[in-house]
J.: 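The structure that follows is given in the form of structure tokens.
Every heavy atom of this structure was used, including side-chain atoms; hydrogens, water molecules and symmetry mates were not. Since the model is a prediction, treat every value here as computed from it, not as a measurement. Counting convention: from 1, in listed order, for ligands and their atoms alike.
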Amino acid sequence: METEPPDGGAKPSAASAEAAPSNFIRNIVAEDLKQGKNGGRVHTRFPPEPNGYLHIGHAKSICLNFGLAAEFGGMSNLRFDDTNPSKEDIEYVASIKEDVRWLGFDWDDREFYASDYFESLYEFAVRLIRAGKAFVCDLSADQMREYRGTLTEPGKNSPYRNRSIEDSLDLFQRMRAGEFPDGSRTLRAKIDMAAPNINLRDPVMYRVLRATHHRTGDSWCIYPTYDFAHGQSDSIEGITHSICTLEFEDHRPLYDWFLDQLQIHHPQQIEFARLNLTHTVLSKRKLLQLVQQKHVTGWDDPRMPTLAGMRRRGYTPEAIRDFCDRIGVAKRNSTVDIAMLEHCLREDLNKRAPRVMAVLRPVKVVLENYPEGQVEELIAINNPEDPAMGTRKVAFSRVLYIEQDDFREEPPKGFFRLSPGKEARLRYGYIIKCVGVEKDAATGEIRELRCTYDPDTKSGSSQSGRKVKATIHWVSAEHALGAQVRLYEHLFTKEDPDDVPSGTDWLANINSTSLETLADARVESVLADAKPGQRYQFERLGYFCVDENSSAGALVFNRAVSLRDTWAKLEQSKKRL
Ligand code: ATP
Ligand code: MG
């Protein structure tokens, strides 16, 4: 444990060697193409509701929809399913567009909105009324619930079900004209109140709702339900494969019913299992609650599983796409270990992130035999994984900082780093030996370590072959820059955040130590003009990303992920079994 390789690079893992898991949806699309279905077209869409920021679960859906279109020479739309004005906002529309683009996908000019189809959807509704397939109902929400029945008992017909077509047409038109108060009437499909599938028990298609829509303003006071809007929107766009998550499997008969009654283009709906991650909530409702109740600093808090948060934390689009590839697409719900996501990030950053030295919790080291005022420039390797990234010069001088953790006054067995009378190598530099410890007389806290250096042991020089057990990182006190560093842990202590004793809820599992802020870190001077979003490996410590609020005078780094790869270990131990 004590002799981690100084470059700390992640080892190639078993996971990376395996091919991407098979994808049953890809097989369906390929087969459809072979059969000449849809005239050889493949057209998918990603249909977010703009009521929150996108998260890693959405990334799975985006990669799937856009990935299939790309693979089969088709197209994918970005469509906002914006049928619920009370929860939606243009802030979310803007963030969704930014995040899809950042993830690496492009919808060209195919940016669509269900709200653009409000007029068409209204006409579809009128057609269904005319055909005797929909009716205006005056039951209140509570009454409707009573009439609906249960999973084991059939429902009862609404007393308004047999209202004449003319009456329903008239009332529906007057609902639109604003003659009735919110919630007083609905338009319902006339299907079957005894259907075993509750979605088919005369579901609501339209409700009266006075809410200002972020796109259509106040021009409507009736809004289609998601269930009525979604399938028809797909149809209008000529979608061939309408891919959605498993909870919509039970809605499919309803969507099919609408399309069949209307006799319009019928996309094929295919359901897949949504992504669940350990230590993570992926429900927009819960994420919104975390934001509103200030458990996090915002949707882009680096602890959030949102794409905005992950980006700020240091995740790359490549790592996220790789993750989505590896988890595959299945029909059965399961939970993915978050260690696998972290593993994907390490693999990516290992190849690309420049190495630098940073000391998070500094303790001063004075090299007693190093000449005052002397400065040497040591040559450091920017990335051992990529020689093309070259080398840089690191200033070395008499006064340095090392990590508090790398020194123990009374070393336990197996501790091979610095301790009184013992030696350690400074990365790229010399072997030093601790010859004294100075403490604050009052507090007993270590103020500085007195050390000597062995001038014959410079890294790369002929005598440098002398071995010591540990190599530690350091920075030159005079040359280093101050920085704030934020270390993150999982936002939830339990693997399953919903696993709580009765009487409490998921919020009880919030990890109170998920953020640790270190105000007094020191980093190599090469980071003087590190720009927000740039990512580095701090040797032996992990991968760090420059925070968006960082500036030249006030550097701030977020730890994206540590170097310890629990996923690779898991894979290794599975192999041995
Ligand atoms: P909520 O969590 O509020 O039910 P949602 O996450 O389903 O909402 P949408 O905006 O409807 O939000 O999602 C857009 C698309 O992303 C949908 O096709 C949905 O099926 C898919 N999606 C959402 N969450 C996941 C997930 N965890 N894994 C895979 N796909 C998801
Ligand atoms: Mg949804």
Side-chain angles (χ1 to χ4, degrees), residues 23-25 44-69 76-89 91-97 99-100 103 105 107 111-115 214 225-227 229-231 233-234 237 239 241-252 255 267-292 299 304-308 310 320-321 323-336 338 340-341 496-498 506:
N23 172 340
F24 76 96
I25 300 183
T44 60
R45 84 289 174 260
F46 172 64
E49 182 180 356
N51 62 352
Y53 279 58
L54 297 182
H55 55 58
I56 181 73
H58 294 117
K60 176 176 179 179
S61 174
I62 296 167
C63 289
L64 184 58
N65 279 293
F66 282 88
L68 283 171
S76 195
N77 299 351
L78 175 61
R79 185 181 69 249
F80 293 94
D81 268 341
D82 53 350
T83 55
N84 188 1
S86 46
K87 293 203 173 144
E88 296 160 5
D89 198 284
E91 176 198 345
Y92 299 136
V93 171
S95 76
I96 288 168
K97 292 203 291 189
D99 290 347
V100 176
L103 204 53
F105 298 103
W107 54 92
E111 175 179 330
F112 299 127
Y113 295 81
S115 57
H214 59 101
T225 55
Y226 181 86
D227 274 349
H230 183 73
S233 299
D234 279 349
E237 291 177 15
I239 299 304
H241 298 84
S242 176
I243 298 163
C244 61
T245 38
L246 280 179
E247 65 272 24
F248 292 102
E249 196 163 20
D250 289 346
H251 297 239
R252 175 156 34 96
Y255 297 172
Q268 178 184 359
Q269 175 169 315
I270 309 168
E271 304 88 13
F272 70 99
R274 62 194 294 128
L275 170 69
N276 300 300
L277 265 187
T278 57
H279 299 286
T280 307
V281 298
L282 290 181
S283 137
K284 281 193 278 191
R285 184 179 57 76
K286 287 180 179 168
L287 295 176
L288 178 66
Q289 197 176 338
L290 290 173
V291 173
Q292 284 179 336
W299 284 100
M304 289 281 271
T306 53
L307 297 182
M310 293 172 73
I320 295 175
R321 293 200 305 259
F323 172 73
C324 291
D325 264 0
R326 291 185 196 203
I327 55 176
V329 181
K331 203 71 188 168
R332 190 129 47 89
N333 278 313
S334 64
T335 300
V336 175
I338 194 167
M340 183 174 170
L341 177 62
D496 174 6
D498 285 320
W506 57 282

J.: If only atom types and distance count, is the side chain of T245 paired as donor or acceptor with the main-chain N or O of E247 below 3.5 Å?
T.: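 Side chain of T245 to backbone of E247, a donor-acceptor pair under 3.5 Å: no, none is there.
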
J.: For atom 29 (C) of ligand 1, which of G57, S242, P50 has the closest heavy atom?
T.: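 It is G57 that holds the nearest heavy atom.
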
J.: Report the residue from I96, T306, L288 that forms a side chain to side chain contact (heavy atoms under 4.5 Å, CB included) with Y53.
T.: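 Only one of I96, T306, L288 forms a side chain to side chain contact (heavy atoms under 4.5 Å, CB included) with Y53, namely T306.
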
J.: Would you tell me which option among C324, G52, P47 has the nearest heavy-atom contact to atom 18 (O) of ligand 1?
T.: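 Considering heavy atoms of C324, G52, P47, the nearest to atom 18 (O) of ligand 1 sits in P47.
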
J.: Do ligand 1 and L275 have nitrogen or oxygen atoms that lie under 3.5 Å from each other?
T.: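 Yes, L275 has an N/O under 3.5 Å of an N/O on ligand 1.
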
J.: Using a 4.0 Å cut-off to any heavy atom of H55, which atoms of ligand 1 qualify?
T.: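 Those qualifying, in numeric order: 6 (O), 24 (N), 27 (N).
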
J.: From the options K60, K284, H230, select the one whose nearest heavy atom is closest to atom 2 (O) of ligand 1.
T.: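 Heavy atom nearest to atom 2 (O) of ligand 1 belongs to K284.
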
J.: Which of the atoms of ligand 1 are close to F272, meaning less than 4.0 Å from one of its heavy atoms?
T.: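 Numbered from 1, ligand 1 contributes 29 (C), 30 (N).
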
J.: Angle class for the Y92/W299 ring planes (parallel below 30°, perpendicular above 60°, tilted otherwise)?
T.: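 The rings of Y92 and W299 stand perpendicular, inter-plane angle above 60°.
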
J.: Taking only heavy atoms of T245 into account, list the atoms of ligand 1 that are under 4.0 Å away from them.
T.: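 Going through ligand 1 atom by atom, the ones under 4.0 Å from T245 are 19 (C), 20 (O), 29 (C), 30 (N), 31 (C).
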
J.: With atom 7 (O) of ligand 1 as the reference point, say which of R274, R45, E49, K286 has the nearest heavy atom.
T.: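 Residue with the shortest heavy-atom distance to the ligand atom: R274.
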
J.: Is the Y226 ring parallel, tilted or perpendicular to the H230 ring (thresholds 30°, 60°)?
T.: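 Rings of Y226 and H230: parallel, under 30°.
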
J.: Decide, yes or no, whether a salt bridge links E237 with R45 under the criterion of side-chain N to carboxylate O below 4.0 Å.
T.: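 Result for this pair is no, no salt bridge flagged.
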
J.: So which bit of R285 gets within less than 4.0 Å of ligand 1, heavy atoms only: side chain, backbone, both or neither?
T.: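 No part of R285 is near ligand 1 at this cut-off.
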
J.: Report the part of F46 (side chain from C-beta onward, or backbone N, CA, C, O) that has a heavy atom under 4.0 Å from ligand 1; answer both or neither where that applies.
T.: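 The side chain, only.
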
J.: Side chains of S76 and T44: any donor to acceptor distance under 3.5 Å?
T.: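 Yes, S76 and T44 have a side-chain donor paired with an acceptor closer than 3.5 Å.
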
J.: For H58 versus L54, what's the shortest heavy-atom pair and its separation?
T.: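 Nearest pair, atom of H58 first, then L54: ND1-CA, 3.4 Å.
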
